[in-house]
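Below is one structure, written out as structure tokens, with a few remarks after it.
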Amino acid sequence: ISVLDGKTGQMTSRKGLKAFSIAAGLNGFDDRRYDPKVIYDPEADRFICVMLNSRDALNYIVIAFSQTNDPTGAWNFYKFYGNYKNDSTWFDYPTIAFTKDEFFLSGNKIKFAASWELGFSESVIYQIDKKSGYNGDTALTYQIWDGIGYNGKSIRNLFPVKASWDMTGPEQYFLSNRNFDVQNDTMFLIRIPDVISSGNTNLTMKVMQTPIKYGMPPNGRQPDTSAVLATNDARVLGAMLAYDEIQFVSTSVHPTNGSSAIMHGIIKNYTTTPTVSYADFITVDTLDFGYPNISFVGNGWGLNQALISFNYTGPNDFPGLGAVLFDGSQYSDMVRVKQGTGSIKVLSQ
């Protein structure tokens, strides 16, 4: 984990994840840290960092809250055991967000000694009182939401909807879909209604349909090699709440050209009767896109402009980073933010 000076760009601190989180314990030979996530909380002027420790029976979630606004200073560390229900599952794929009062962490429970694709058990959400972490309380005040499903089937990958320009709350929203299906049009909007202290335990779910169908994306093609780049699946990978709507992005196969494209959608009336009022594909048939995210760049007058960023690769293009601007009605041409200089092949075939 590295810290850069915001004015000079110079690196002021750099530590391995295990060394950074040594105060959390879990410092045995088989303890390994990975999947770090860091977020800045402007309300508290603090930082929150999440990382995972090992897998199977050694799996823990490590959470750190900075004691001040200086990330090179002291932190308060906590940990949750991944197999908290003693059902031989561990916690994988952390995603994070926060509201004015709370911090939210979601992820997938995977069965021991199984792949993340085939060993999926369920997705869970940790709802955490931020103040208990910032204050360095002996234990965090938190609640776990699990057993989240529809028609007897667990919903996979609950991606938190993040605030675009102002603090939200007390409710927090999550998006999901049927990300492993070859073709589907189902979207789920999950709502946690209030803070832990309210005692409101009525998590709600709305089922919606997308105006276009999404599906499992193909792997990314590369020049000069048969090695392909994984795009994983069609899960939601970016979501933002902007004024009266939610905008989201996911990776999807394009129904016409067969490439890996970005699906961009808009949900209206999300607090009452949510509907996916708009959806379209961002695609170039000679390129494969993956791992999109979305950021609010609106003008503050109700025009919910968004910057959509993603990785790209293709049979004639080395892997790189691209972006398009959505101005509220149409997309800009793709900008190649960073062009690659070679194909990627670091795993054994």
Side-chain angles (χ1 to χ4, degrees), residues 1-56 58-82 90-99 102-108 110 116 124-140 142 159-160 162-163 232 237-238 291-295 309-311 319 321 337-338 344 346-347:
I1 184 167
S2 302
V3 179
L4 304 181
D5 185 287
K7 294 181 179 179
T8 67
Q10 292 183 326
M11 186 180 297
T12 59
S13 174
R14 183 179 182 182
K15 294 182 179 179
L17 294 177
K18 195 170 181 179
F20 168 71
S21 60
I22 193 169
L26 308 173
N27 299 317
F29 178 78
D30 293 324
D31 288 304
R32 298 178 300 276
R33 309 282 202 274
Y34 61 98
D35 276 5
K37 306 284 185 180
V38 179
I39 197 166
Y40 171 69
D41 179 358
E43 177 76 14
D45 193 22
R46 306 280 188 92
F47 294 88
I48 304 174
C49 178
V50 173
M51 65 190 78
L52 302 184
N53 182 83
S54 298
R55 54 175 291 172
D56 295 345
L58 293 178
N59 173 243
Y60 282 83
I61 307 164
V62 176
I63 304 179
F65 295 81
S66 69
Q67 294 184 9
T68 68
N69 62 2
D70 180 5
T72 65
W75 292 68
N76 301 321
F77 287 92
Y78 302 89
K79 57 181 180 285
F80 294 112
Y81 186 44
W90 59 285
F91 183 96
D92 189 28
Y93 191 68
T95 58
I96 60 177
F98 58 81
T99 60
E102 295 181 318
F103 174 68
F104 292 86
L105 165 70
S106 66
N108 300 329
I110 310 297
W116 67 268
V124 299
I125 301 170
Y126 286 75
Q127 180 180 6
I128 303 168
D129 174 30
K130 292 190 303 186
K131 290 182 180 178
S132 63
Y134 292 141
N135 293 339
D137 294 353
T138 303
L140 292 174
Y142 71 97
F159 193 88
K162 300 178 181 179
N232 284 352
L237 289 172
Y291 301 99
N293 208 339
I294 186 167
S295 302
S309 57
F310 46 85
N311 295 337
L321 174 67
V337 179
K338 179 67 175 180
I344 299 172
V346 295
L347 301 179

Checklist entry - Where do Asp129 and Leu140 land on the side chain to side chain contact (heavy atoms under 4.5 Å, CB included) test, with the steps shown first? => result CA-CA 7 Å; Asp129 174 30; Leu140 292 174; over 6 Å; no
Checklist entry - Taking all atoms of both residues into account, what is the closest heavy-atom pair of Ala23 and Phe77, and its distance? => result CB-CD1, 3.8 Å
Checklist entry - At their closest point, which heavy atom of Asp137 faces which heavy atom of Tyr78, and how far apart are they? => result O-OH, 2.7 Å
Checklist entry - Would Met51 and Phe20 count as a side chain to side chain contact (heavy atoms under 4.5 Å, CB included) if you check the C-alpha gap in whole Å, the side-chain angles of each, and the deciding distance to 0.1 Å? => result CA-CA 11 Å; Met51 65 190 78; Phe20 168 71; 3.7 Å; yes
Checklist entry - Hey, does the side chain of Ser106 reach the backbone of Pro160 with a donor-acceptor pair shorter than 3.5 angstrom? => result no
Item to check | For Arg33 against Ser21, the heavy-atom pair lying closest together | outcome: NE-OG, 2.8 Å
Item to check | Any Arg46 side-chain heavy atom under 4.5 Å of Lys130 side chain | outcome: no
Checklist entry - Measuring from Thr68:OG1 to Asp45:CG, what's the distance to the nearest 0.5 Å? => result 8.5 Å
Next on the checklist: Which heavy atom of Gly238 sits nearest to which heavy atom of Ile294, and what is that distance?
Outcome noted: C-CG2, 3.7 Å
Checklist outcome for this item: Of all heavy-atom pairs linking Gly9 and Leu4, the shortest is O-CD2, 4.0 Å
Item to check | Asp56 side-chain N/O to Leu58 backbone N/O, donor-acceptor pair under 3.5 Å | outcome: no
Item to check | Residue from Asn59, Leu26, Asn27, Ile61 passing side chain to side chain contact (heavy atoms under 4.5 Å, CB included) with Asn53 | outcome: Leu26
Next on the checklist: Tell me whether Asn76 contacts the main-chain N or O of Gly133 through its side chain, where contact means a donor paired with an acceptor under 3.5 Å.
Outcome noted: yes
Checklist entry - When rounded to the nearest 0.5 angstrom, what is the spacing between CZ in Phe65 and CG in Asp41? => result 9.5 Å
Item to check | Candidates Tyr60, Trp90, Phe91 - the one meeting side chain to side chain contact (heavy atoms under 4.5 Å, CB included) with Tyr81 | outcome: Tyr60
Checklist entry - Are Pro94 and Leu52 side-chain neighbours, meaning at least one heavy-atom pair lies under 4.5 Å? => result yes
Item to check | Stepwise side chain to side chain contact (heavy atoms under 4.5 Å, CB included) check, Asn232 with Tyr291 | outcome: CA-CA 9 Å; Asn232 284 352; Tyr291 301 99; 3.3 Å; yes
Item to check | Phe80 atom CZ, neighbour heavy-atom count above 12 within 6.0 Å | outcome: yes
Checklist outcome for this item: Rounded to the nearest 0.5 Å, the CD1 atom of Ile22 sits from the CG atom of Asp31 at a distance of 11.5 Å
Checklist entry - Is it the case that more than 12 heavy atoms not belonging to Lys131 sit under 6.0 Å from its NZ atom? => result no
Item to check | Test side chain to side chain contact (heavy atoms under 4.5 Å, CB included) applied to Val50 and Val62, step by step | outcome: CA-CA 6 Å; Val50 173; Val62 176; over 6 Å; no
Checklist entry - Is a side-chain donor or acceptor of Lys338 paired with a backbone partner of Leu321 at a separation under 3.5 angstrom? => result no
Checklist entry - Between atom CD1 of Ile39 and atom CD1 of Ile96, what is the distance when rounded to the nearest 0.5 Å? => result 4.5 Å
Item to check | Heavy-atom side-chain contact between Asp92 and Asp35 under 4.5 Å | outcome: yes
Checklist entry - Can you tell me if Ser2 uses its side chain to pair, donor with acceptor, with the backbone of Arg14 under 3.5 Å? => result no
Next on the checklist: Could you measure the distance from the OG atom of Ser132 to the CZ atom of Phe103? Nearest 0.5 Å is fine.
Outcome noted: 11.5 Å
Item to check | Spacing of CH2 belonging to Trp75 relative to CD1 belonging to Ile1, to within rounding of 0.5 Å | outcome: 5.5 Å
